[in-house]
Amino acid sequence: MTSMQPSADERLRRWRLVLGGEPGAEGTGCALTGQDAAMDGALGALYGGAKNGGKDRGAGLGASAPSVARWLGDIRTYFPSSVVQVMQRDAIERLGLATLLLEPEMLEAVEADVHLVGTLLSLNKAMPETTRETARAVVRKVVEDLERRLATRTRATLTGALDRSARISRPRHCDIDWDRTIRANLKNYLPEHGTVVPERLVGYGRAARGVKKDVVLCIDQSGSMAASVVYASVFGAVLASMRSIATRLVVFDTAVVDLTDQLDDPVDVLFGTQLGGGTDINRALAYCQSQITRPAGTVVVLISDLYEGGIRDEMLKRVAAMKASGVQFVALLALSDEGAPAYDREHAAVLAALGAPAFACTPDLFPEVMAAAIERRPLPIPEA
């Protein structure tokens, strides 16, 4: 069965949209009309393009809020949501439109995503009161969408890991996990009796109902970590909702802020951050270390690009000391869909030598990483 190929005219039309310019540009001989011309205008306003007759393809968006609002409406009409988000991000970066996001009307017109939230958080201190509530509504929409996508799987994955980590070999009768007990004793099957002799019992202890693990999320809030801060705040709220995990969330630049008491609302957590500034990982780890009361039951997750502005040797010594005391230490270069950012490769290599490899982690992989850390097994590090 052969797939349908576009006609010659359709191919010319597509090339014409890619190349831009006035009718007949680049020798296509194809003129754009109607919606195609509007699409070309929306693309040209942002990206410019080939010149024709000494004129730029697009006139740009300028600094006019009404013209930008119209452009935002146009791209949402002509392009799918995923493309709209990319174009918005490019408009903010290429055309310096960040300050327009301080106007409520603009915020209501944009397509909300993780990167827009990062931009809003970086503008938080400059945001006028008239915009603040609209900005919180935009951030809350993104956060709630992320929670719906991530929460159920995270809770299920970590609950299973916590149960397995609490398994005991001499359970009371009412605590026996019969399914795993039978599978563990299949070699002792007696066909003449049609039964399995359970030499080894597998079950869960009574203590499993209380707090079983302490998790400390230590998040670098420098500007390059914006998406990671958003995802980490959502995951922090999800972990805090699990009674078997005691969760602490700490953000840092050159100062350290403990936002644990705001974990019931990740939007409050996000507006408690301050993106940008320097980095003092050593100071942040020193604070986290001071909060650890039972090292063997603690997982510390450092999310940072590892560019250290504090005392490098002290930072590495703290990691070594925590691991020696029994802490499970996880180093994530990013918690986002974009992969690894620029990071300090020398520090990453030293951490790997200490048994704490640093790697970028997607939100979908994060529950598996946490489950492995809880069970004290090798982390599922993605291939580079």
Taking the side chain as everything from C-beta on, heavy atoms only, tell me whether [X] gets closer than 4.5 Å to [Y].
X	Y	result
Val301	Val216	no
Met322	Pro295	no
Leu333	Asp305	no
Val117	Thr119	no
Leu351	Leu316	yes

Quick one: closest heavy-atom pair of [X] and [Y], and the distance?
X	Y	value
Ala372	Pro378	CB-O, 3.6 Å
Val234	Glu147	CG1-CG, 3.7 Å
Cys361	Val369	SG-CG2, 4.0 Å
Glu308	Asn282	OE2-N, 2.8 Å

Is [X] salt-bridged to [Y], going by a charged N under 4.0 Å from an acidic O?
X	Y	result
Asp145	Arg149	no
Glu368	Arg153	yes
Asp214	Arg248	no
Asp253	Arg283	no
Arg312	Glu346	yes

Review point. What about Tyr307 and Tyr343, are their ring centers closer than 6.0 Å?
Key: no

Exercise for review: Quick one: do Asn124 and Arg132 satisfy side chain to side chain contact (heavy atoms under 4.5 Å, CB included)? Show the steps, please.
Suggested key: CA-CA 8 Å; Asn124 185 23; Arg132 194 167 297 277; 2.8 Å; yes

Spatial distance of atom [atom1] ([X]) from atom [atom2] ([Y]) [nearest 0.5 Å]:
X	Y	atom1	atom2	result
Leu302	Leu332	CG	CG	8.0 Å
Asp258	Leu249	CG	CG	8.0 Å
Leu158	Phe366	CG	CZ	8.0 Å
Gln289	Gln291	CD	CD	11.0 Å
His115	Ser336	NE2	OG	7.0 Å
Leu335	Tyr231	CG	OH	8.0 Å

Short question: side chain of [X], backbone of [Y] - any donor-acceptor pair under 3.5 Å?
X	Y	answer
Thr131	Met127	no
Arg376	Ala296	yes
Gln221	Gln274	yes

Exercise for review: Only one of Thr247, Val215, Leu162 passes side chain to side chain contact (heavy atoms under 4.5 Å, CB included) with Met242; say which it is.
Suggested key: Leu162

